[in-house]
Amino acid sequence: MLSEPTYLAARMVAPMIETHFARHHAAAAAQALTGLAEPPPMQWVEVIVDAAFWASLRREEGHPPRISLTLLRPEQAGQPVVFGKRRLTPYNLLKLAPAVEQPGIHLGVWYDEEGLYVWGTATEIPPLCFVLEVVEPGLLVVKHRRADGFGKFVNVAILRGDQLQLVDAENAAVNDCPALQLFLPSESLPTGTGEIDNVLVELAASMRAHGRGGLVLVVPPGSTAWQESIVQPMTYPVHPAYTGIAQVQQGLSKRKWLEEIQRSIGIVGGFTAVDGATIITRDYHLLAFGAKVARAESSVPVDKMVLTEPVVDSPARYLHPAQNGGTRHLAAAQFVHDQRDALALVASQDGFFTLFAWSVTLQMVHAHRIDVLLL
């Protein structure tokens, strides 16, 4: 007989996860979307999270496990590798972890009269399928595949030890700032047209991949006013502007279109590893990289901003920009303060991501931490 779950956060998050998936399945049904995974029952969510957490704290031959678990029948998986049933225990997860370290491979989990078991691996899973990823010891992320089956998974909850963060899918904290709303994932289900939900979020994921941190400035098309906040001459201007993201052909198949646009995003993401700011337009034309931000002559130093994050019940904080991070964060805040029709995205080397925009309602810089959307 398997022991009862002992990780308290698993018990706390399970009913929230069940409610989240039930709501999204209802919305998908209203859109007549088909081929969805079954919504996860609360009791199985608790057991999966518990087993994954305790497995994450162990090591196999000196290595902590990196595991992605999905609650799915074998017949619903694409290209499954099915092996004999193994009960879902921390020990079994630890032993199987080396086989699923590559991105896109999930350990398939289902249940019978004796409880949960691991049945094999899956590389293709249906939309709205419950996924639990072990990112590092004590850090778990609950997510699901988007309704169109492509792009980055949607994060639902983050568990860090005894801390639980439920992702605010509606991003209510940015209701005062339409500019931020425009560049964050939609609160509604994708329509299945194949369009990437948000290019900036995909670009942030590309920045995370190189791990060096970076600063991206997003300016209006056709504008030159932003150059007043950049040290001249720019070290690496791009002439003509690189338009790879914007010019991916719409007539391609959905899969090919996504491959091409993600490749173009990866090219731009590579330039963000160069010291200085990468400058793109709102229609994703690359104008320069390695640029140095400076306060505009007609401006004053920014001395106050509001900081929020897309986490349920997370309070807004009012602080000086220097309290928010290092030189990149201060440069981003000053740039947005001076160029109020622009946005800035800062990636820290420690994995934190922050979007900056000017809030007309609050009349100050609004910084929105989006790292919980990217784990």
Is there side-chain contact between [X] and [Y], with heavy atoms separated by less than 4.5 Å?
X	Y	value
His366	Phe356	no
Leu36	Pro126	no
Ile230	Leu217	yes
Val302	Met364	no
Val156	Ile17	yes
Glu228	Gln339	yes
Ile280	Val268	yes
Leu93	Val134	no

Around [X], counting heavy atoms of other residues, nucleotides and ligands shown, do more than 12 lie under 6.0 Å from its [atom1]?
X	atom1	answer
Phe83	CZ	yes
Arg212	CZ	no
Asp313	CG	no
Glu75	CD	yes
Arg58	CZ	yes

Does Val300 sit in a hydrophobic cluster with other residues, and if so which ones, taking ILVMFWY side chains as linked at heavy-atom separations under 4.5 Å, directly or through other members?
none

Would a distance-only check, ignoring hydrogens and angles, find a side-chain to backbone donor-acceptor pair under 3.5 Å from [X] to [Y]?
X	Y	result
Trp54	Thr89	no
Asn92	Arg86	no
Ser206	Glu202	no
Gln363	Val360	yes
Asn155	Val372	yes
Glu60	Pro65	no
Gln163	Arg160	no
Thr281	His285	yes

What's the separation between atom [atom1] in [X] and atom [atom2] in [Y], rounded to the nearest 0.5 Å?
X	Y	atom1	atom2	value
Ile158	Leu373	CD1	CG	8.5 Å
Leu128	Leu33	CG	CG	8.0 Å
Ser264	Leu286	OG	CG	11.0 Å
Gln102	Thr123	CD	OG1	12.5 Å
Tyr7	Phe53	OH	CZ	4.5 Å
Ile261	Tyr284	CD1	OH	8.5 Å

Is Arg369 positioned over the aromatic face of Phe352, cation under 6.0 angstrom from the ring centre and no more than 45 degrees off axis?
yes

Between Leu116 and Leu71, does a side chain to side chain contact (heavy atoms under 4.5 Å, CB included) hold up when you go through it step by step?
CA-CA 9 Å; Leu116 290 166; Leu71 185 63; 4.0 Å; yes

For residues [X] and [Y], report the shortest heavy-atom separation together with the two atoms involved.
X	Y	result
Trp110	Trp119	N-CD1, 3.8 Å
Leu319	Asn324	CD1-N, 4.1 Å
Ala332	Leu215	CB-CD1, 3.9 Å
Ala342	Phe335	CB-CE2, 3.6 Å
Ala157	Leu166	CB-CD1, 4.0 Å

For Asp275, all residues meeting salt bridge (charged side-chain N to carboxylate O under 4.0 Å, His left out), sequence neighbours excluded
Lys292

Candidate pair Leu287 and Val238, rule side chain to side chain contact (heavy atoms under 4.5 Å, CB included), full reasoning:
CA-CA 5 Å; Leu287 304 181; Val238 179; 5.8 Å; no

Side chain to side chain contact (heavy atoms under 4.5 Å, CB included) between Gln334 and Ser229, intermediate numbers included:
CA-CA 9 Å; Gln334 187 67 56; Ser229 298; over 6 Å; no

Ser68 and side chain to side chain donor-acceptor pair (under 3.5 Å): which single residue from Glu101, Glu133, His106 fits?
His106

For His20, ring-ring contact (aromatic ring centres under 6.0 Å, His included) partners two or more places apart:
His24, His144

Under the side chain to side chain contact (heavy atoms under 4.5 Å, CB included) rule, what do Met305 and His337 come out as? Steps first, then yes or no, please.
CA-CA 9 Å; Met305 55 171 267; His337 178 268; over 6 Å; no

Identify whether the distance between the nearest side-chain nitrogen and carboxylate oxygen of Arg263 and Glu259 falls below 4.0 Å.
no

Donor-acceptor side-chain pairing of His368 and Thr308 below 3.5 angstrom
yes

Tested for ring-ring contact (aromatic ring centres under 6.0 Å, His included) against Trp44, the lone hit among Tyr111, Phe130, Tyr117 is Tyr111

